[in-house]
Protein chains: 2
Amino acid sequence: MTYKNSKQRELILEYMQGINAHVSAEEIYENINKEEKKISLATVYRNLGILEDLQKVKKIALPQERYVYDKTCNPHYHFYCEKCKTLYDLDEPYKLELDKTISDNEVIGKIDGHDIIFKGVCRNCK
Amino acid sequence: MTYKNSKQRELILEYMQGINAHVSAEEIYENINKEEKKISLATVYRNLGILEDLQKVKKIALPQERYVYDKTCNPHYHFYCEKCKTLYDLDEPYKLELDKTISDNEVIGKIDGHDIIFKGVCRNCK
DNA sequence: TTGGATGCAAAGGTTTTGCAGTAAT
DNA sequence: ATTACTGCAAAACCTTTGCATCCAA
């Protein structure tokens, strides 16, 4: 499908380019509409999908809002098959040194750990 | 708050211990109730929260279902402040070698890349 | 003129909450 | 007796969809 130009899509893109933060669809909607209504929420969602498709924007999962549960609580990494949507546990040892590497970053106060999700296609699906 | 024992909570824990997969609250609910009704969906949710609190279970964000958007599309890592819920970009270079390290895993067919989210408390909140 | 894009409202899906009753300590 | 836990239904969220209309090509 070929996309046509759209004022609303440009508004979103401009807004995203102008800020330096991660924002939800709702926030994008509200900030663009600060003064007068210029875009609807449904349009924001639709265009975020398109912009993602065009690789102008990327979706990120926040660590607080989640969907599946894991009985393994020790730190371990995951592999996510983009075809069958299965999440596999990996037995790769936890890389403590990663936490150290970034710990002197200017925004970081204290590090509790990290999660890694590898993405690709599993052997079954390939 | 001190937790009391609960049949339903044990059912969930037993179920989780008995499987080797990542499951949603809905799936837990359905599988436990396979034979006869033993637990309600609301109770599953409530107990998953408690079990998470007790570190018996861990929530995981799937890479497909997400909430915030990032205008930076090149691969980069994130730091998530658990206090103010802010997601920061890190400028740590992408570690290609990680993908290679795990690529000979038995379940992995093809690797497209990985995401890392570091978690902790940001300098502002500390 | 054609087909993608829009706004609105309705629908869908997931998670939380209020409440009255139940069970654990 | 006290307080957590339960089921149920309603509510709260977030996201998608149907539809008539609008607008870019």
Side-chain angles (χ1 to χ4, degrees), chain A residues 1-16 21-70 80 85-87, chain B residues 1-16 21-70 80 82 85 87:
Chain A
M1 207 231 282
T2 24
Y3 299 121
K4 295 185 176 174
N5 281 351
S6 117
K7 283 255 170 59
Q8 285 80 353
R9 188 142 65 236
E10 271 165 46
L11 278 175
I12 295 176
L13 208 44
E14 276 169 30
Y15 171 70
M16 297 292 285
H22 303 87
V23 283
S24 65
E26 185 74 34
E27 287 171 306
I28 294 172
Y29 166 72
E30 280 176 4
N31 282 309
I32 291 182
N33 285 329
K34 272 281 168 57
E35 294 145 31
E36 43 182 312
K37 291 265 172 248
K38 290 160 197 150
I39 195 171
S40 79
L41 187 52
T43 298
V44 172
Y45 276 107
R46 276 187 283 236
N47 276 301
L48 282 172
I50 294 175
L51 290 172
E52 214 195 337
D53 192 42
L54 296 172
Q55 315 234 48
K56 303 264 176 126
V57 133
K58 204 183 159 199
K59 276 179 173 179
I60 303 168
L62 284 192
Q64 52 175 163
E65 337 245 358
R66 303 129 176 177
Y67 297 84
V68 293
Y69 292 82
D70 190 344
Y80 179 70
K85 314 297 183 194
T86 301
L87 192 69
Chain B
M1 208 230 283
T2 25
Y3 299 121
K4 294 183 176 174
N5 280 350
S6 119
K7 284 255 171 57
Q8 285 80 352
R9 188 142 67 235
E10 270 165 46
L11 277 175
I12 296 177
L13 207 45
E14 276 169 29
Y15 171 71
M16 297 292 285
H22 302 87
V23 283
S24 65
E26 185 73 34
E27 288 171 304
I28 294 172
Y29 166 73
E30 281 176 2
N31 283 308
I32 290 183
N33 286 327
K34 271 281 168 60
E35 295 145 31
E36 42 180 314
K37 289 265 173 248
K38 291 160 197 149
I39 195 170
S40 78
L41 187 53
T43 298
V44 172
Y45 276 107
R46 276 187 282 235
N47 276 300
L48 282 172
I50 293 175
L51 290 172
E52 214 195 339
D53 192 42
L54 297 173
Q55 315 235 49
K56 302 265 176 125
V57 132
K58 204 183 158 196
K59 277 179 174 178
I60 303 168
L62 286 191
Q64 52 176 162
E65 336 244 0
R66 302 131 175 177
Y67 297 83
V68 293
Y69 292 81
D70 191 345
Y80 180 71
E82 290 169 323
K85 314 295 184 195
L87 192 69

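Below, chain A is the first sequence line, B the second, and so on; all start at residue 1.
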Residue from B:Glu52, B:Lys56, B:Arg9 passing side-chain contact (heavy atoms from CB on, under 4.5 Å) with B:Asn47: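 Filter result, single survivor: B:Arg9.
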Would you mind reading off the distance between [X] atom [atom1] and [N] atom [atom2], rounded to a whole angstrom?
{"X": "A:Asn47", "N": "D:dT15", "atom1": "CG", "atom2": "P", "answer": "15 Å"}
{"X": "A:Leu41", "N": "C:dA5", "atom1": "CG", "atom2": "P", "answer": "18 Å"}
{"X": "B:Lys37", "N": "D:dT6", "atom1": "NZ", "atom2": "C1'", "answer": "15 Å"}
{"X": "A:Asp53", "N": "C:dG4", "atom1": "CG", "atom2": "P", "answer": "14 Å"}
{"X": "B:Glu36", "N": "D:dG7", "atom1": "CD", "atom2": "P", "answer": "13 Å"}
{"X": "B:Leu48", "N": "C:dT14", "atom1": "CG", "atom2": "P", "answer": "15 Å"}
{"X": "B:Leu54", "N": "D:dA4", "atom1": "CG", "atom2": "P", "answer": "14 Å"}
{"X": "A:Tyr29", "N": "D:dC13", "atom1": "OH", "atom2": "P", "answer": "16 Å"}

Are [X] and [Y] close enough that some pair of their side-chain heavy atoms sits under 4.5 Å apart?
{"X": "B:Lys7", "Y": "B:Ile39", "value": "no"}
{"X": "B:Val23", "Y": "B:Met16", "value": "yes"}
{"X": "B:Glu30", "Y": "B:Lys34", "value": "no"}

To the nearest 0.5 Å, atom OH of B:Tyr45 lies from atom CD1 of B:Ile28 at 9.0 Å
Does D:dT16 have OP1 or OP2 sitting under 4.0 Å from an N or O in the side chain of A:Tyr45?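 No, A:Tyr45 has no side-chain N/O under 4.0 Å of OP1/OP2 on D:dT16.
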Is the phosphate of C:dA5 approached by A:Gln8 (side-chain N or O, under 4.0 Å from OP1 or OP2)? no
Closest listed nucleotide, where the reference is the side chain of A:Thr43 and the choices are C:dG7, D:dT6, D:dT17: C:dG7
If you check every side-chain atom of B:Ser40, which of D:dC8, C:dT6, C:dA9 has the closest atom? D:dC8
Is it the case that over 12 heavy atoms from other parts of the model lie below 6.0 angstrom from the NZ atom of B:Lys38? yes
Please list, pair by pair, any protein nitrogen or oxygen found under 3.5 Å from a nitrogen or oxygen in nucleotides 19-25 of chain D.
from	atom 1	to	atom 2	distance (Å)
D:dA24	N3	A:Lys4	NZ	3.1
D:dA25	OP1	A:Asn5	ND2	3.2

Five-pair end axes of the helix from C:dT1-D:dA25 to C:dT25-D:dA1, angle between them (10°):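 Rounded value for the end-axis angle: 30°.
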Residue pair B:Leu48 / B:Ala25: nearest heavy atoms and the distance that separates them: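 Minimum heavy-atom separation between B:Leu48 and B:Ala25: CD1-CB, 3.8 Å.
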With no hydrogens and no angle check, do the side chains of A:Tyr29 and A:Lys37 hold a donor and an acceptor under 3.5 Å apart?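 Their side chains do contain a donor-acceptor pair, which is all the 3.5 Å distance test asks for.
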For A:Glu27 and A:Ser24, indicate whether the former's side chain and the latter's backbone hold a donor-acceptor pair under 3.5 Å. yes
